[in-house]
Structures are given as structure tokens and as C-alpha cells.
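Atoms within a ligand are numbered from 1 in the order they appear, just like the ligands themselves.
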Amino acid sequence: MFDERSGDWRYTLGGKTCFDAKSAFAINIKQNLHGREINDKLLSYLNTCKREILMEIPLRLDDGSLLPVHAYRVQHNNARGPFKGGIRYHDKVNLQEVREMANLMTWKTALVDIPYGGAKGGVAIDPKKLSFHEIRRLTKALVSHLGNNIGPHIDIPAPDVNTNPQVMAWIFDEFSKTHSEGSPLAVVTGKPTEVGGSQGRLEATGRGVAICYREACKYKGLDPKELRVAVQGFGNVGYHTAKIIHEELGSKIIGVSNAVSAVHNENGIDLKALKDYSDTHNESLDGFPGAESIPRDDLLLLDCEVLVPAALSKAVNTKVANAAKSLKILLEAANAPTTPEANAILHEKGVCIIPSVLANAGGVIVSYFEWVQNLQQFYWTYDKVVAELEERMVRAFKHVIELAQEKDIGLRQASYCLALDRVARALILRGF
Ligand code: GLU
């Protein structure tokens, strides 16, 4: 956020400074923009969201009563292309969080160089308390409230926390009723393959995290087969990350948690068995025979070489950072899971931190592939999707490492430098 007193621009999370853009501009952008000075006006502009949509949606419950539900769509920046970002359903969603997440999407799409800006949506409700048909009615009402603020060349939503391909199919269906021209399928990504979705989208975020992990191991001279991994979150991102890291890279998954419980086994956890167990035990991991149950939050305190926060933001706090003994790699699979204080402690301890704007970009990269396929009406094979994802992730990782080494800065700062540079260039070329 823009700090009025110092005239400085900072990326903040929950009011705490995460990243000081002034230093990024000083080392990178000012030198690169053909001698054109970036001034505080541009920084202040980038700190403000372009459009914020606040809604109160009347949801008809199954018993016939009406429940008012608060919802937000924040469109941060579209200098490089249409707004892009997920929609989350969570009872703790609020406007400030959605703003911060929209802001992150702008840097993420710029960093991996796909032609989008950044947005995020949030609906303040716990979907676990709703029936299937209540979630369907809520989603369709959300789309009708959003009206022309979303569209294939305007703003393209996608899955996020507690939303899935089914919800995306409903978004497309509702939108297509009023927008039959053009390519209404391209209004939303992360759809089921039966309704215009892309091969490989479901696991794309996890696959992208695993690619970053493999590259980070190479960069640090580590053998993934010798590393113990703890994964916080067993939803779409956590599950696929753990599965790919174990099956394709040979690392041992020693701990897994979800929203309610956690399990630990030093000899490694059978992920398929754990998934089957959670699917048949109301999403609880408690009592899983292949591991010992531990308190949910102790997962982040387990002794391990690799920690993968794949749930909500701010999970990796000072307690977690201070407890880290053997930690070598922090793989930010969730959006902004590390507090600035914890980041400083881990950086000091020499932990290789792969920031979320890079680590979890696989999801939005394959969203881009899905959008391209929808617009062209030409569908790719699974192997083509994986190969293209691989190429883009490796390229972005390489650019981040090169800048980090050249300027002697962390991977987070290098990532933001590259992203800010691209967004600022686009804004200036467009006549800011
Ligand atoms: N919600 C995901 C993210 O935070 C995916 C966004 C998208 O595909 O547009 O990156």
C-alpha cells in the first residue's frame, strides 16, 4: 500500500510490509525503462485497485428463507491484458484480503509473462454449510450481479479456495444465457473438460509447484530423494503437489494436514490411502491407520527439509520460522502464506523461499492455455499442456534466479522486480 508519510510504496499483507517496491525500482526498473523515471504517481496508481465491486447477494436457501451474502470482485490492474484471478468461497473473506490477492495476481501473471492483469473474487460464506443446490443458486446469482464486469476480454474468473470445476461450469452457464455471441466459454477457466476445460488444469498448480521444487533443488544442489516434505493443506493444490513431488521426484511426504486435522509418519505417508481415507471420513485425517495423528497446527512445526504451505495466507508466522531447524526450502503453494516477519527470519536462516507469485503460477498458466483453446476452439492433448507449462515455469524460474544472483537479492524480491518492471513498462507505453 502507498505510505503517505514516507511517500513510499510497499506491498503489505494484513497491514505489515512484505516488500518494499522503492528498492525494487531502484535496482531494476529505473535502469531499464529507457531512462524514463518512474515516479511516485505510478507507484501510487499500482497500489490502488482499478475497480472494486461490492455485492450483497440474496441467497434463497433450501428451506425457502433468504440469506444476504456479501461478495467482492476486485480488479487490480489490466495494463497487460484482461483482469484474471480466482473466486474463493470462505466465511472469513473480506474486502482487504481480496484486494491483496488481486494485487498478487497482477504480479503473478506478469512474472510468468501471460497476457493478463490481476483480479480476485471472494464470497463471504462457508460453502460446507450449504447444500449442492444452494451453492449452485449462489454462484448463478453472483454471475448475474457481476453482469458485464466479467467477460472473455474483460475479466476471467477461475477456481480458488473452496471453488472447483463444477462452480466454474455454473459460471459459464449463467454467463452464456446473456452473452451468446463471441466465445462465452472463455469467460471462466478451470472448467470440467466436458464443458470446455483444459486437460491438466486440475493438477496444474500442484505440477507448477513441483517444477519449482525440482528447479530449486538443482539450484541448491539438493537431491529431492533425500528430502522430507511436510504439506499443509490437502485440497486440490496440496494433494497434487504432494503426489507429484513423491511420485515423480522421489521425496518422502512425512506430514500432511487439512482444515481440521493432521498426520505424521517419519517413514512416509501413502497419499492415495490418505486421500481415500479423507474422502470416506468427512474430510478428516484423524484415525488414519498409516500415520500418527497430531494437532493440526503442529504440522508446520515438524522437523523437515521442505515445507509446503498450501492452505490460507499468513500460515507461516514467527513461531513457525523460529521453530525451523532443518528447513532448506519453503515452497509457497498457497497465495502469500508467509508473514513478513517470518520471511525475514527464514531468509536470515538461509532458507530458499520460493514466493507464491512464482511457485503457484502453474494454475493461472494452464488457465491461460484453457482460454486460448476456448477462443480458438482447438483443444490440446494432455502432453502438450504439460510440455508448455514446463517450458513457461522453467523460463520464469530461470529469470528470477538470474536476477537474484545478479543483484544479490532474495527470490521474492527478484520476482516482484521482474513483474513490476513488465507492468510499469506496459502502463508507460500505453500513455500513463
Ligand atoms: N486461483 C488461482 C491463483 O491464485 C488461479 C487463478 C486463475 O487461474 O485465474 O493463481
Ligand-side contact atoms (ligand 1) for residue partner Asn335, heavy atom cut-off under 4.0 Å: 4 (O)
N or O pair under 3.5 Å between Lys120 and ligand 1: yes
Look at atom 5 (C) of ligand 1 and say which protein heavy atom is nearest, naming residue and atom and giving the distance to 0.1 Å. Arg201 NH2, 3.7 Å
Under a 4.0 Å N-O cut-off, is there an ion pair linking Arg137 with Asp62? yes
Protein contact to atom 3 (C) of ligand 1 [nearest heavy atom, distance to 0.1 Å]: Lys108 NZ, 3.3 Å
Under 4.0 Å from ligand 1, counting heavy atoms only, is it the side chain of Leu104, its backbone, both or neither? neither
Can Asn149 and Arg73 be said to form a side-chain hydrogen bond (donor to acceptor under 3.5 Å, both in side chains), step by step? CA-CA 9 Å; Asn149 289 299; Arg73 181 74 181 171; over 6 Å; no
Arg201 versus Val385: any side-chain heavy-atom pair under 4.5 Å? no
Which residue supplies the protein heavy atom nearest to atom 7 (C) of ligand 1, what is that atom called, and how far is it? Ala158 CB, 3.2 Å
Protein contact to atom 9 (O) of ligand 1 [nearest heavy atom, distance to 0.1 Å]: Lys84 NZ, 2.8 Å
For Arg88 and ligand 1, answer yes if some heavy atom of the residue is under 4.0 Å from a ligand atom, otherwise no. no
Provide the closest heavy-atom pair for Arg430 versus Asn78 in the form atom of the first, atom of the second, distance. NH1-O, 3.5 Å
Looking only at protein heavy atoms, what sits closest to atom 8 (O) of ligand 1 is Ser367 OG, 2.6 Å
Any Met101 heavy atom less than 4.0 Å to ligand 1: no
Presence of salt bridge, Arg214 and Glu390, under 4.0 angstrom: yes
I'd like to know if Lys314 pairs up with Glu97 as an ion pair, taking the criterion as any Lys NZ or Arg NE/NH1/NH2 lying under 4.0 Å from an Asp or Glu carboxylate oxygen. no
Atom 2 (C) of ligand 1 - nearest protein heavy atom and its distance: Pro159 O, 3.7 Å
Taking all heavy atoms of Ala333 and all of Val237, pick out the closest pair and write down the distance. CB-CG1, 3.8 Å
